[in-house]
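Given the structure is predicted, the values throughout are model-derived calculations rather than measurements.
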Amino acid sequence: RLCADLVEGFKRHGVDVHASLASRDIGLLPADLTVIVGVRRSSYRLYKAAQEAGQQIVMLDKGYFNRGKYHRISVGSPQPSYISKVTEDSSRFDSIMPNATHHDRNGDPRTILYVESTQKYYNFHELGDVTEYSANVCAQLRTVVARAKPYLSVVYRPRKAPTGEPLPVPRGTVLADPVAMRELFKPAHCVVVHGSNAGVEALVAGVTLLVMTQSFQF
């Protein structure tokens with residue numbers, strides 16, 4: 001359906017379109033533009049091949065809000081890093097998130113919250129095993145906290161583990177309580193993510209956000 005809608009839009013603007021749905025068994029196709037949906041191993045292979053071939057890339061994924069209804073479109077990268085330069089008004093955002101106001105926050109911040117992404121996301125960005133990467137991030141955060149703000153504790157919010165499997169907790173960190181994200185924001189001095197939707201939620205909640213890029217590796 002996404003393909004059909006895109007083809008219709010391209011043709012409406014006079015672009016000559018030859019669409020072919022690529023699967024994991026099909027390599028990069030000759031084109032001026034490659035459109036990739038989601039962050040998976042197969043989409044990463046196409047993403048890198050398109051970069052090396054000098055093709056323009058558009059990435060589609062679930063939206064930051066109302067994820068079952070909207071998609072986000074990013075030109076040239078997995079995330080729209082140019083979003084701060086967009087000058088559109090907020091009317092569409094207001095219609096999607098009519099209750100997007102700052103959450104009540106504790107005036108006495110006590111935590112630094114690290115929010116983990118999925119393993120497939122980490123595979124796409126070549127970050128390695130999600131558990132090992134998270135342990136490294138938390139270790140670095142503990143080092144900084146011990147030196148600069150020793151009264152803060154590092155809280156680790158992992159992805160939900162399969163039923164019956166214990167959640168690995170990095171040494172020296174606190175496992176986040178199983179509550180809504182907005183509750184974890186209340187005592188947070190800042191939120192740390194690599195590319196989680198929790199980062200957008202943190203900004204809406206008025207919490208300082210540290211975003212690690214692909215180049216930020218240990």
Side-chain angles (χ1 to χ4, degrees), residues 1-86 88 90 92-93 95-97 100 115-131 133-134 157-162 181 193-204 209 211-217:
R1 202 171 102 190
L2 287 171
C3 180
D5 288 344
L6 283 169
V7 168
E8 180 183 349
F10 288 142
K11 288 184 174 179
R12 188 177 300 176
H13 287 277
V15 179
D16 185 23
V17 181
H18 299 280
S20 177
L21 290 174
S23 71
R24 66 182 61 200
D25 301 319
I26 300 176
L28 185 69
L29 301 172
D32 298 309
L33 173 70
T34 292
V35 180
I36 301 170
V37 181
V39 289
R40 300 175 177 84
R41 286 187 184 275
S42 55
S43 60
Y44 173 73
R45 179 173 53 79
L46 288 173
Y47 180 81
K48 296 298 288 186
Q51 277 188 324
E52 292 171 2
Q55 291 187 7
Q56 181 66 279
I57 301 169
V58 166
M59 294 202 67
L60 282 73
D61 212 332
K62 293 178 180 178
Y64 291 120
F65 306 101
N66 289 7
R67 291 166 62 79
K69 184 177 180 181
Y70 296 104
H71 287 81
R72 69 174 182 266
I73 300 175
S74 180
V75 179
S77 66
Q79 301 281 352
S81 57
Y82 48 84
I83 196 167
S84 61
K85 299 178 182 178
V86 175
E88 298 295 329
S90 64
R92 184 168 183 270
F93 174 82
S95 69
I96 296 172
M97 296 290 290
V115 184
E116 189 176 76
S117 297
T118 62
Q119 182 62 61
K120 71 175 184 178
Y121 174 91
Y122 283 64
N123 291 340
F124 185 93
H125 290 282
E126 295 185 311
L127 300 176
D129 179 75
V130 60
T131 303
Y133 186 84
S134 296
R157 206 267 192 180
R159 298 293 295 189
K160 188 175 181 180
M181 192 72 73
V193 301
H194 189 282
S196 170
N197 267 31
V200 178
E201 296 176 26
L203 290 177
V204 172
L209 178 66
V211 182
M212 298 178 292
T213 64
Q214 185 174 356
S215 61
F216 190 90
Q217 300 187 40

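Scanning all heavy atoms of the two residues, the minimum distance from Leu209 to Gly199 falls at CD2-O, 3.4 Å. Across Val115 and Ala198, no two heavy atoms sit closer than the pair CG1-CB, 3.8 Å. The nearest pair of heavy atoms linking Asn123 to Gly128 is OD1-O, 4.5 Å. Between Ser117 and Arg159, the shortest heavy-atom contact is O-CG, 3.1 Å. Pairing each heavy atom of Ser77 with each of Ser74, the nearest pair is O-OG, 2.7 Å. Scanning both residues, Gly76 and Tyr47, for their nearest heavy atoms gives O-OH, 3.8 Å.
With hydrogens and angles disregarded, no donor-acceptor distance shorter than 3.5 Å links the side chain of Ser43 to the backbone of Ile36. A donor-acceptor contact shorter than 3.5 Å is absent between the side chain of Gln51 and the backbone of Leu46.
For Ala53, the side chain to side chain contact (heavy atoms under 4.5 Å, CB included) partners two or more places apart in sequence, or in a different chain, are Leu28, Gln55. Checked against salt bridge (charged side-chain N to carboxylate O under 4.0 Å, His left out), Glu52 has no partners two or more places apart in sequence or in another chain. Annotation: salt bridge (charged side-chain N to carboxylate O under 4.0 Å, His left out) contacts of Arg1 (sequence neighbours excluded): none. Residues passing the ring pair (Phe, Tyr, Trp, His ring centres under 6.0 Å) test with Tyr121, sequence neighbours excluded: His125, His194. Under the rule for a side chain to side chain contact (heavy atoms under 4.5 Å, CB included), the partners of Lys62 that lie at least two apart in sequence or sit in another chain are Arg67. Annotation: side chain to side chain contact (heavy atoms under 4.5 Å, CB included) contacts of Val37 (sequence neighbours excluded): Leu2, Leu60.
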Would Ile73 and Val58 count as a side-chain contact (heavy atoms from CB on, under 4.5 Å) here? Give the steps. CA-CA 7 Å; Ile73 300 175; Val58 166; 3.6 Å; yes

Apply side-chain contact (heavy atoms from CB on, under 4.5 Å) to residues Gln56 and Asp32 and explain how you reach the verdict. CA-CA 6 Å; Gln56 181 66 279; Asp32 298 309; over 6 Å; no

Run the numbers on Tyr44 and Glu126 for side-chain hydrogen bond (donor to acceptor under 3.5 Å, both in side chains), then give the verdict. CA-CA 9 Å; Tyr44 173 73; Glu126 295 185 311; 2.8 Å; yes

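Atoms CZ and CG, on Arg72 and Asn197 in that order, are 6.0 Å from each other to the nearest 0.5 Å.
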